[in-house]
Number of protein chains: 2
Amino acid sequence: MGKGARTRATILAAAAETACLAGFDGLNLQPLADKVGMTKSGLYAHFGSKEALQIATLEYAAELFQARVVAPAKTEGAGLPRLAGVFGRWLEWPANAALPGNCPFFAGVVEFDDAAGPVRERLVRLFRDFRAVVEQLVASAVRHGHLGAGTDPAQFAHELLALRYAHHWAQGFMHDPAADARTRAAFARLVGGRA
Amino acid sequence: MGKGARTRATILAAAAETACLAGFDGLNLQPLADKVGMTKSGLYAHFGSKEALQIATLEYAAELFQARVVAPAKTEGAGLPRLAGVFGRWLEWPANAALPGNCPFFAGVVEFDDAAGPVRERLVRLFRDFRAVVEQLVASAVRHGHLGAGTDPAQFAHELLALRYAHHWAQGFMHDPAADARTRAAFARLVGGRA
DNA sequence: GGGACAATAGCACGACCGGTCGGATCTAGA
DNA sequence: TCTAGATCCGACCGGTCGTGCTATTGTCCC
């Protein structure tokens, strides 16, 4: 790993932290350069444009998400245990990845929902891919008899995302101490209603 | 209604549209002034600061929300019909209020979740007030026997917001044509599971 | 050790940001 | 009709934004 790649990794780690706090639009060059001890232009040379920096940061966060949320499922029992594990890690993955603030993907949703462009497309694809993963987990849980045969994986995934979103709101924005308990109760009801 | 108040109303109507598309941080003075055919300083004189403009826009949107979502409930049957009516109008209120794009309050959640200040506090209070309204509607539905006696209004309100949030994501960001159907199905399951 | 090249610094540009100020214009009350 | 105050404009401020350009430094291979 050459020096350039090492510096790039340092930048992206700092960029991911910034994205959690200020969103992808808040990935301004000067403050980010100050954070890693570089000048703005020195940092800029690694990416060539702000948009490229945003996409690289998105990619970096996606790898982190994959490693912290999805990958550990391999060691869990197939079906519901795996689904519950992924959901639990999904709730707390920013903290587990040493990221401050909230999930950067949710920040991107608001920032890019009315702004077409490659960053938005990349983010949409990330969400679609993860939803597909969730749907497969749900289908597997159905096959194992952990969820009722009539369960629609797409509908279940939609409601699971709703819970994650509400948790983001209740904990990150409203600072509601009951956020965790509410989310867990809702998940239990979501699973229980299909058993 | 004097000329000043009329101009101010024109500005706020345009500001609400902008907030739906670009968020409250996107309420930049110059573009907004262009939109209403004024100069930046002429517009600025009505508010005194950008923060004051943001709060005024928030207030304006809140009044719109109250009128379009909550107020019509008075003519609906108490209990579940009223709850369902509010939820339905909650889903589509930006369109009903002739606002482009998505719900401005959800945009504010991301923009102000890590930025303390009066705008954030105002937004938190708006959410808290509306959640209290929802909880009262749920409690009323319980009293009318439309929902099971064991229903926790706070938990129900939390899950209802989750559905609204997921609808915002699926429709506004993912452009999922099934968003409406998924949200309606989830609402039916939420209500049905408590009956 | 020197030469090639990646990596970074320094500097400047045009555009836009929120905000300020003096003065022109319009409105409303006496 | 006259005037006081509300209203609005145009120019401008310091600052930050993303983006280029040229030097200079550092690194690594021969």
Side-chain angles (χ1 to χ4, degrees), chain A residues 1-19 21-58 60 107-108 111-112 114-120 122, chain B residues 1-19 21-58 60 107-108 111-112 114-120 122:
Chain A
M1 179 150 149
K3 186 174 193 308
R6 228 174 314 130
T7 304
R8 191 186 152 97
T10 304
I11 295 171
L12 286 178
E17 292 183 12
T18 301
L21 296 172
F24 290 89
D25 208 54
L27 283 176
N28 299 329
L29 299 179
Q30 186 67 63
L32 190 57
D34 294 345
K35 197 172 178 181
V36 298
M38 293 176 61
T39 59
K40 189 172 57 159
S41 53
L43 186 149
Y44 190 77
H46 282 270
F47 301 97
S49 76
K50 177 169 186 177
E51 196 175 74
L53 168 65
Q54 290 175 328
I55 292 182
T57 305
L58 205 53
Y60 177 83
E111 290 178 309
F112 296 107
D114 287 302
V119 187
R120 186 203 140 88
R122 189 71 192 88
Chain B
M1 180 147 150
K3 186 176 192 318
R6 227 176 315 128
T7 305
R8 190 186 151 98
T10 304
I11 294 171
L12 286 179
E17 292 183 12
T18 301
L21 295 173
F24 290 90
D25 208 54
L27 283 176
N28 300 329
L29 301 179
Q30 186 67 64
L32 189 57
D34 295 344
K35 195 172 178 180
V36 298
M38 294 176 61
T39 59
K40 187 173 61 162
S41 53
L43 186 149
Y44 193 80
H46 283 269
F47 301 96
S49 75
K50 177 169 186 178
E51 195 175 76
L53 168 64
Q54 290 174 328
I55 292 182
T57 306
L58 204 54
Y60 177 82
E111 290 178 312
F112 296 108
D114 287 304
V119 186
R120 186 204 140 88
R122 189 71 192 88

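The chains referred to below are lettered A, B, ... by the order of the sequence lines, with proteins before strands, and numbering in each begins at 1.
Summarising the geometry, the separation between CE on Met38(B) and P on dA24(C) is reported as 19 Å, rounded to the nearest angstrom. The distance between atom CZ of Arg6(B) and atom C1' of dC8(D), rounded to the nearest whole Å, is 14 Å. Distance CG (Leu29(A)) to P (dA9(C)): 13 Å, rounded to an integer number of Å. Regarding Lys40(B), its NZ atom lies at a distance of 7 Å from the C1' atom of dC17(C), rounded to whole Å.
Note on His46(B): a side-chain N or O is less than 4.0 Å away from OP1 or OP2 of dC8(D). Within the 4.0 Å cut-off from OP1 or OP2 of dG18(C), not a single side-chain nitrogen or oxygen of Tyr44(B) is found. Under 4.0 angstrom from either OP1 or OP2 of dC8(D) there lies at least one side-chain N or O belonging to Thr7(B). Residue Asn28(B) places no side-chain N or O under 4.0 Å from the OP1 or OP2 atom of dC16(C).
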Go through the steps for Tyr60(A) and Ile11(A) under the test side-chain contact (heavy atoms from CB on, under 4.5 Å), then give the verdict.
CA-CA 11 Å; Tyr60(A) 177 83; Ile11(A) 295 171; over 6 Å; no

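Side-chain atoms of Glu111(B) come within 3.5 Å of backbone atoms of Phe24(B) as a donor-acceptor pair (strictly under, hydrogens ignored).
In this view, Lys50(A) and Asn28(A) satisfy the side chain to side chain donor-acceptor pair (under 3.5 Å) rule, not counting sequence neighbours.
Between the base of dG10(C) and the side chain of Thr39(A) there is no donor-acceptor pair shorter than 3.5 Å.
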